[in-house]
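Numbered from 1 within each chain, the chains take letters A, B, ... in sequence-line order.
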There are 2 protein chains.
Amino acid sequence: MALKSDLSLDIDKISSDTMADVVEMRLRDYFKKKSFKPGDALPKEQELAEALGVSRNVLREALSRLRMLGMIETKKKRGMILSSPDVLGGFQRVLDPLIISPDALQDLFELRLILEMGLADVLFLNLNDKSIRELEIIANSEKKKNKEAFRIANEIAFHGKLYEMAGNDTLKRFQHMLLPVFGFVLQVENEFLSGSVSHQDLVEILKSGNKNDFRNGMYEHLKPHFDRLEALRKIN
Amino acid sequence: MALKSDLSLDIDKISSDTMADVVEMRLRDYFKKKSFKPGDALPKEQELAEALGVSRNVLREALSRLRMLGMIETKKKRGMILSSPDVLGGFQRVLDPLIISPDALQDLFELRLILEMGLADVLFLNLNDKSIRELEIIANSEKKKNKEAFRIANEIAFHGKLYEMAGNDTLKRFQHMLLPVFGFVLQVENEFLSGSVSHQDLVEILKSGNKNDFRNGMYEHLKPHFDRLEALRKIN
DNA sequence: TCAAATGTTTTTGTACTACATAAAAACGAG
DNA sequence: CTCGTTTTTATGTAGTACAAAAACATTTGA
């Protein structure tokens, strides 16, 4: 053990990172160190490649990553500029229910429940009659049709509208990205039950109730999901 | 208007996407279409490049992106395999308070408040004496030191422990990534006030209260932030 | 005959060169 | 001075070459 430990002190662990990985990190550090701000021009590819001691090829692989995330933009002759990335861009690209792990899927499902339960306070900050009426229209349109596909679309519309009413674009987009996950988990569970509180009940609460009423109503609305969650936790 | 519309029908809009962008999408579609699952082997680079009609260079720029997101892994001779990406990996890379837009920063700040408020239900699903004791130790250690740096570290430790107690790894990591944002916004606002409910009060509620007590307590604890939020909303 | 050592093949990783393209900049004609 | 043209320059793409590593095949020695 002592020998092994000595050895690991003497010999650096070989990093299995590729050059592109290293360059990506180095570029990040460089931007931070130089405190570049969005809009600032960056050195050209050849200069960067030479400074880093790598081929333009490798450098471009790293730049391609940053470009995908929206951290940099490039114009043909003008060169590259640092830019404000879309915070959810990288998330969106990965959010395919078929490839992410079941554990992560479950976590995201829970995350949505948590978001909905926490929405009340911010929602009530922004509340106005117009949006409540719009929400009511969505809630009332449920009864008319009975088809499963419509019910799901309506479910999405209702909850989506709630997020929209919270007035937080990032949150709304986040929720929208999470929809496939939510749908997928529900589909797997073969379950699309609604609790004892309906969408219309929630609208009424928004009209005349307070935050706590809404939270309690939302909990009851989501109760089947929480019950399932509780059962799952008990098993593990 | 009619003419313009006709024209846009006749002429395809020029896409400013680079080949790497296109190839990235095409690969995504390909994986989905073939319903590859994590672990499945992918064709080798040359075959893909030829099939797509691009140079290996361009293909590798696209692959580099997918590799960054953890969607694929490569071994030297064995080739590439599809893998389960880390859902938060892409998010993490972009989460630098200095480069993301102020609007997004504000959105994320709100998101954290929403998460904390929504945490109660899942938290109570997992509650046990051991974790409450651990949380209490953190809360009690506040009084001893008075330094600002320690207070901040303690604040982080307490809320981090709450997330941990919720038993959702993805959520916990998400919160941990959001910390710099939270810290940054607070720093900009030059404000680190606590509401009328302290960490120790929250611990007491966990011991003997119910979910609603905890939610109300958490709201009071975070009240200064909500007040600021309300003021901001009124301005805009 | 079996196993260890060695060689071969295959596929990714990296480098380099070359050229196309687009856009800014410089230049020139009126 | 302004409009149009040419030049320059940086990125985008293609292609070739080779290094490195790992699986596979082969040889050698007991």
Side-chain angles (χ1 to χ4, degrees), chain A residues 11-28 30-31 34 36 38-85, chain B residues 11-28 30-31 34 36 38-85:
Chain A
I11 303 180
D12 283 353
K13 186 174 272 176
I14 291 170
S15 160
S16 69
D17 286 351
T18 110
M19 281 296 160
D21 294 323
V22 176
V23 169
E24 187 206 330
M25 281 188 290
R26 292 286 296 274
L27 286 177
R28 274 210 164 69
Y30 170 68
F31 297 158
K34 284 281 197 173
F36 279 127
D40 289 355
L42 305 177
K44 44 193 169 185
E45 291 184 355
Q46 262 200 43
E47 287 174 359
L48 285 173
E50 281 171 22
L52 290 162
V54 296
S55 72
R56 196 156 81 95
N57 227 329
V58 166
L59 175 76
R60 278 184 62 84
E61 285 188 20
L63 289 175
S64 180
R65 299 175 176 192
L66 302 182
R67 206 171 301 127
M68 173 186 67
L69 295 176
M71 284 184 65
I72 60 177
E73 287 173 25
T74 69
K75 301 259 169 178
K76 270 272 160 136
K77 143 93 184 174
R78 199 168 169 186
M80 296 177 289
I81 58 171
L82 200 68
S83 56
S84 276
Chain B
I11 304 180
D12 284 352
K13 187 175 275 176
I14 292 170
S15 158
S16 68
D17 287 350
T18 88
M19 282 294 162
D21 294 323
V22 177
V23 169
E24 187 206 331
M25 279 187 291
R26 292 285 295 276
L27 286 176
R28 276 212 161 69
Y30 170 68
F31 297 158
K34 285 282 197 172
F36 280 126
D40 289 356
L42 305 177
K44 44 192 168 184
E45 292 184 353
Q46 260 199 47
E47 287 174 1
L48 284 173
E50 280 169 23
L52 289 160
V54 296
S55 70
R56 195 157 80 96
N57 229 329
V58 166
L59 175 77
R60 280 184 61 84
E61 285 189 19
L63 289 176
S64 179
R65 299 176 178 192
L66 302 181
R67 204 170 304 128
M68 173 185 67
L69 295 175
M71 285 183 65
I72 60 176
E73 286 172 26
T74 70
K75 301 256 171 181
K76 272 267 161 142
K77 143 93 185 177
R78 198 168 170 186
M80 296 176 290
I81 59 171
L82 200 69
S83 56
S84 276

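- For A:Q46, the side chain to side chain contact (heavy atoms under 4.5 Å, CB included) test picks out A:E50, A:R56, with sequence neighbours left out.
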Heteroatom pairs (N/O) under 3.5 angstrom, protein to nucleotides 14-24 of chain C:
unit_1 : atom_1 : unit_2 : atom_2 : d
C:dT14 : OP1    : A:M19  : N      : 2.7
C:dT14 : OP2    : A:T18  : OG1    : 3.3
C:dT14 : O4     : B:R56  : NH2    : 3.2
C:dA15 : OP2    : A:S55  : N      : 2.7
C:dA15 : OP2    : A:S55  : OG     : 3.1
C:dA15 : N7     : A:N57  : ND2    : 3.4
C:dC16 : N4     : A:N57  : ND2    : 2.9

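- Taken from CZ in B:R65 to CG in B:L27, the straight-line distance is 10.5 Å, to the nearest 0.5 Å.
- Within a 6.0 Å sphere centred on CE of A:M19, heavy atoms belonging to other residues, nucleotides or ligands number 12 at most.
- Judged as a side chain to side chain contact (heavy atoms under 4.5 Å, CB included), and not counting sequence neighbours, the contacts of A:K34 are A:Y30, A:F36.
- Contact annotation: the side chain of B:M68 approaches that of A:L69 to within less than 4.5 Å [non-hydrogen atoms, C-beta and beyond].
- The side chain of B:T74 places an N or O atom within less than 4.0 Å of a non-bridging phosphate oxygen (OP1 or OP2) of C:dG13.
- Every residue two or more places apart in sequence or in another chain was checked for a side-chain hydrogen bond (donor to acceptor under 3.5 Å, both in side chains) with B:R67, and none qualifies.
- Considering only residues two or more places apart in sequence or on other chains, B:K44 meets the side chain to side chain contact (heavy atoms under 4.5 Å, CB included) condition with B:E47.
- Bounding nucleotides for the chain B contact on DNA chain D, 5' to 3', at a heavy-atom distance below 4.0 Å, are D:dT13 to D:dA23.
- C:dG13 atom C1' lies 11 Å from atom CG of A:D21, rounded to whole Å.
- Checking side-chain atoms of A:S64 against main-chain N and O of B:A62 turns up no donor-acceptor pair under 3.5 Å.
- Rounded to whole Å, atom P of C:dG13 lies 19 Å from atom CG of A:L52.
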